Structures are given as C-alpha cells and as structure tokens.
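Note sheet for the following structure.
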Amino acid sequence: MIKLVPPKPFFYKGGEKAVLLLHSFTSNTMDMGKLGKYLHKENYSCYAPLYSGHGLTSEELLTYSPSDWWQDVLNGYQLLKDEGFKK
C-alpha cells in the first residue's frame with residue numbers, strides 16, 4: 001500500500017545566510033526539497049513555506065487567493081528575521 005504524505009513547510013538550519021524557497025502555483029514544498037537539501041549542504045539555512053490551500057484538493061485551493069499566498073511569503077520572511085538572519 002502506498003502511503004501519501006501531505007506536503008508541509010520545512011526549515012533546514014545551516015549557516016548565517018538564509019534562503020526563502022518559494023514553490024510555484026499549484027506546486028508545493030516537495031518540489032523545493034532537493035534544492036533545500038543542496039543549499040543546506042552548502043551551509044545555507046533554508047525555509048520553504050507551504051502556501052495556503054496547496055497540497056489540498058482543487059476545490060480547497062480555490063478558496064484561497066494571491067493575497068493569502070503573499071501573506072504566507074511575508075510570514076516566511078518574518079520567520080527568518082525572527083530567527084536572527086540578516087543575510
């Protein structure tokens with residue numbers, strides 16, 4: 001039996017430089033996983049937020065708008081600032 005794992009945000013703490021990884025529309029953080037792991041290996045800290053509604057059904061996704069997704073981006077940026085990252 002195949003076990004489906006729902007997408008979720010990820011945060012890889014590394015060096016003092018941080019990267020905010022943003023997935024595309026109708027995509028999710030799973031598409032950012034390889035890039036995040038590579039950057040982490042290169043001593044970057046990486047955070048990838050999951051946009052509201054992404055990873056859910058099409059009907060659920062359509063209950064959100066670009067303003068919701070922009071807020072998810074701003075929240076991710078704030079998370080990195082709150083963690084003390086300046087670069």
Side-chain angles (χ1 to χ4, degrees):
M1 180 163 52
I2 297 174
K3 182 179 177 182
L4 296 177
V5 178
K8 59 186 177 201
F10 65 79
F11 186 23
Y12 300 141
K13 275 197 161 186
E16 65 179 36
K17 293 181 182 177
V19 178
L20 182 61
L21 295 172
L22 304 175
H23 64 80
S24 64
F25 179 67
T26 72
S27 178
N28 60 59
T29 54
M30 295 173 121
D31 291 339
M32 295 285 96
K34 284 185 182 181
L35 178 58
K37 288 177 184 174
Y38 171 79
L39 290 170
H40 184 244
K41 197 164 95 174
E42 296 296 316
N43 205 31
Y44 287 87
S45 295
C46 298
Y47 178 67
L50 179 64
Y51 302 149
S52 300
H54 286 69
L56 303 176
T57 66
S58 301
E59 292 79 16
E60 291 171 297
L61 173 63
L62 293 174
T63 65
Y64 296 94
S65 70
S67 62
D68 296 309
W69 305 322
W70 179 242
Q71 188 59 55
D72 296 331
V73 171
L74 295 176
N75 291 344
Y77 182 75
Q78 187 62 50
L79 181 142
L80 292 174
K81 285 178 61 177
D82 291 346
E83 288 287 327
F85 293 103
K86 296 181 190 310
K87 297 181 181 179

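What you see is a predicted model; the values in this text were computed from it and never measured.
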Hydrophobic cluster membership, [X] vs [Y], 4.5 Å side-chain cutoff:
| X | Y | result |
| --- | --- | --- |
| Met30 | Tyr47 | no |
| Leu22 | Leu35 | no |
| Tyr12 | Val19 | yes |
| Leu80 | Tyr44 | no |

Atom [atom1] of [X] and atom [atom2] of [Y]: how far apart are they, to the nearest 0.5 Å?
| X | Y | atom1 | atom2 | answer |
| --- | --- | --- | --- | --- |
| Asn75 | Asp82 | CG | CG | 10.0 Å |
| Met32 | Leu20 | CE | CG | 11.0 Å |
| Gln71 | Tyr64 | CD | OH | 13.5 Å |

Sequence-distant partners of Tyr38, side-chain contact (heavy atoms from CB on, under 4.5 Å), two or more places apart: Glu42
For Lys34, give me all partners under side-chain contact (heavy atoms from CB on, under 4.5 Å), at least two apart in sequence or on another chain. none
Using atom types as modelled and distance alone, determine if a side-chain donor or acceptor of [X] lies under 3.5 Å from a backbone N or O of [Y].
| X | Y | value |
| --- | --- | --- |
| His40 | Lys13 | yes |
| Asp72 | Ser52 | yes |
| His54 | Pro7 | no |

Determine whether Tyr51 and Val73 make a side-chain contact, defined as any pair of heavy atoms from C-beta on separated by less than 4.5 Å. yes
State, yes or no, whether a side-chain contact exists between Thr63 and Leu56 at a heavy-atom distance under 4.5 Å. no
Return yes when atom OH of Tyr77 has more than 12 non-hydrogen atoms of other residues, nucleotides or ligands closer than 6.0 Å, and no otherwise. no
For Glu16, look at atom CD and say whether over 12 heavy atoms of other residues, nucleotides or ligands are found less than 6.0 Å away. no
Heavy-atom closest contact ([X] atom, [Y] atom, distance):
| X | Y | value |
| --- | --- | --- |
| Trp69 | Phe25 | CH2-CE1, 3.3 Å |
| Phe85 | Gly15 | CE2-O, 3.3 Å |
| Asn43 | Gly14 | OD1-C, 3.9 Å |
| Pro9 | Thr29 | CA-CG2, 4.2 Å |

side-chain contact (heavy atoms from CB on, under 4.5 Å) for Phe11 and Glu83? Distances and angles first, verdict last. CA-CA 11 Å; Phe11 186 23; Glu83 288 287 327; 3.9 Å; yes
